[in-house]
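Beneath this line is the structure, given in C-alpha cells, with notes to follow.
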Amino acid sequence: MPESDAEVESESDAEVEASAPPGEGTPEPGTVRPGGRTARVRAAVLRAAGDVLAEHGFAHLDLADVARRAGVGKTTVYRRWGSVTALVAELLRDMAEQSLPRVDTGSALGDLRANAELVQRTLADERQGALFRAVIAAGVCDTHAAAALRHFYEVRVAEWEPCVTAAVARGEFPEGTDAGAVVRAVSAPLYYRMLTTGAAPDPADAHQAARAAVAAAAAGVYAAPR
C-alpha cells in the first residue's frame, strides 16, 4: 500500500534537515544520502526511473509516473528531485557507486579484459543496455543529463585507471601513458558497436577491444610525446 504524501514527506524532510551540515542551506535535490524509510523510498524511485528509461526512453520520463511506479507520493518525488534531469543525475551517481570494482589480475591484458567484459555484459543486458541508450540519447539534447553522464564515466574511468598505472610500473606500458585514455579506449569500440549497429557487443568484441587497447598502449600511442 503506497504511503501517503504527508507520511513520506514528514520523514523525508526531517532526515534531510538532520543530515544537512549546521549553518548551511537546503541541499541540492538528490544529493543527501538518506537512511531508514527515506532510503527505501530513494531506492524504489531510482529503480522506477531506470525502468521507465529502459522501457520508454528519456522523453517519456515523468516524475508523476515514476512516483506511481515506485509506490510513493508524487509530492515526495517532486520535492526531493524537482526535475527529471535531477533524478537522472542521481540515478547515474547511484549506478556509478554500485558498479563492480576493478580487478587485479597481475597483467594489463587481464585487467583491461576484465574491464571490457564488464562493459560488454552491461550493454548486452536487456535492461541495462536499454537504459544506457536512453541516457546517452538524453545527454545529446539535455545539458544536465550530459553533465550527469560525464560524471558517471569520470567515476568509472577513475576506478580502472590504477590498472594502467600498475602496468606502467611493471614496464608493460611506457612512462607517461595516459591511464584514462587507455581505459576509455577499451570501452569505446563496444559503445560504438551498440550505437551504430543497434546490436549489443559480444564477448569476442570485448576481448578484441582489450587486446587492441593494450597493443596501442604498449606501442606508446597513449604516452605523452617526449
Side-chain angles (χ1 to χ4, degrees), residues 1-21 24-101 118-119 121-156 158-159 194:
M1 199 66 185
E3 297 167 297
S4 69
D5 288 353
E7 289 175 333
V8 176
E9 288 169 28
S10 176
E11 183 166 344
S12 176
D13 291 348
E15 291 183 18
V16 167
E17 291 171 3
S19 57
E24 293 189 9
T26 302
E28 290 295 318
T31 59
V32 174
R33 182 167 298 283
R37 179 182 295 178
T38 303
R40 294 192 294 274
V41 168
R42 175 181 179 271
V45 169
L46 294 183
R47 176 73 190 187
D51 288 344
V52 174
L53 285 169
E55 294 168 15
H56 305 296
F58 180 76
H60 295 281
L61 187 63
D62 176 77
L63 294 185
D65 181 40
V66 168
R68 178 186 60 78
R69 286 172 176 249
V72 302
K74 65 181 181 180
T75 305
T76 299
V77 176
Y78 278 102
R79 291 190 64 176
R80 180 171 176 79
W81 286 279
S83 68
V84 294
T85 52
L87 182 54
V88 168
E90 183 161 7
L91 175 63
L92 284 165
R93 280 195 297 270
D94 185 71
M95 289 167 61
E97 292 169 4
Q98 298 302 321
S99 293
L100 293 174
L118 175 59
V119 173
R121 288 194 302 271
T122 299
L123 297 182
D125 181 83
E126 183 176 355
R127 181 179 184 275
Q128 291 291 91
L131 195 161
F132 271 100
R133 286 193 293 273
V135 174
I136 290 170
V140 172
C141 58
D142 185 279
T143 57
H144 297 291
L149 192 62
R150 283 195 300 273
H151 176 72
F152 171 85
Y153 287 115
E154 286 169 0
V155 171
R156 294 309 298 152
E159 171 67 22
M194 180 186 74

Under 3.5 Å, side-chain donor or acceptor atoms of residues 58-72 against the rest of the protein: list the pairs with distances, not counting sequence neighbours.
from, atom 1, to, atom 2, distance (Å)
Asp62, OD2, Ala64, N, 3.1
Asp62, OD2, Asp65, N, 3.0
Asp65, OD1, Arg68, NE, 3.4
Asp65, OD1, Arg68, NH2, 2.6
Asp65, OD2, Arg69, NE, 3.4
Arg69, NH1, Glu55, OE1, 3.2
Arg69, NH2, Glu55, OE1, 2.9

Exercise for the section: Identify, with sequence neighbours excluded, every residue that meets side chain to side chain donor-acceptor pair (under 3.5 Å) alongside Thr122. Expected result: none
Practice task
Supply the atom-to-atom distance Arg42 CZ to Thr76 OG1, rounded to the nearest 0.5 angstrom.
Solution key: 15.0 Å
Practice task
Indicate yes or no: at least one non-hydrogen side-chain atom of Arg156 is less than 4.5 angstrom from one of Met95.
Solution key: no
Exercise for the section: Compare all side-chain heavy atoms of Trp81 with those of Glu90 and state whether any distance is below 4.5 angstrom. Expected result: yes
Practice task
Could you pull out all residues at least two apart from Tyr153 that satisfy ring-ring contact (aromatic ring centres under 6.0 Å, His included)?
Solution key: Tyr191
Donor-acceptor contacts, no H, no angles, side chain residues 125-146, under 3.5 Å, sequence neighbours left out:
from, atom 1, to, atom 2, distance (Å)
Asp125, OD2, Arg127, N, 3.1
Asp125, OD2, Gln128, N, 2.8
Arg127, NE, Asp51, OD1, 2.8
Arg127, NH2, Arg47, O, 3.2
Arg127, NH2, Asp51, OD1, 3.0
Asp142, OD1, His144, N, 2.9
Asp142, OD1, Ala145, N, 2.8

Fill in the blank from the handout: For Glu159, the salt bridge (charged side-chain N to carboxylate O under 4.0 Å, His left out) test, sequence neighbours excluded, returns Arg102
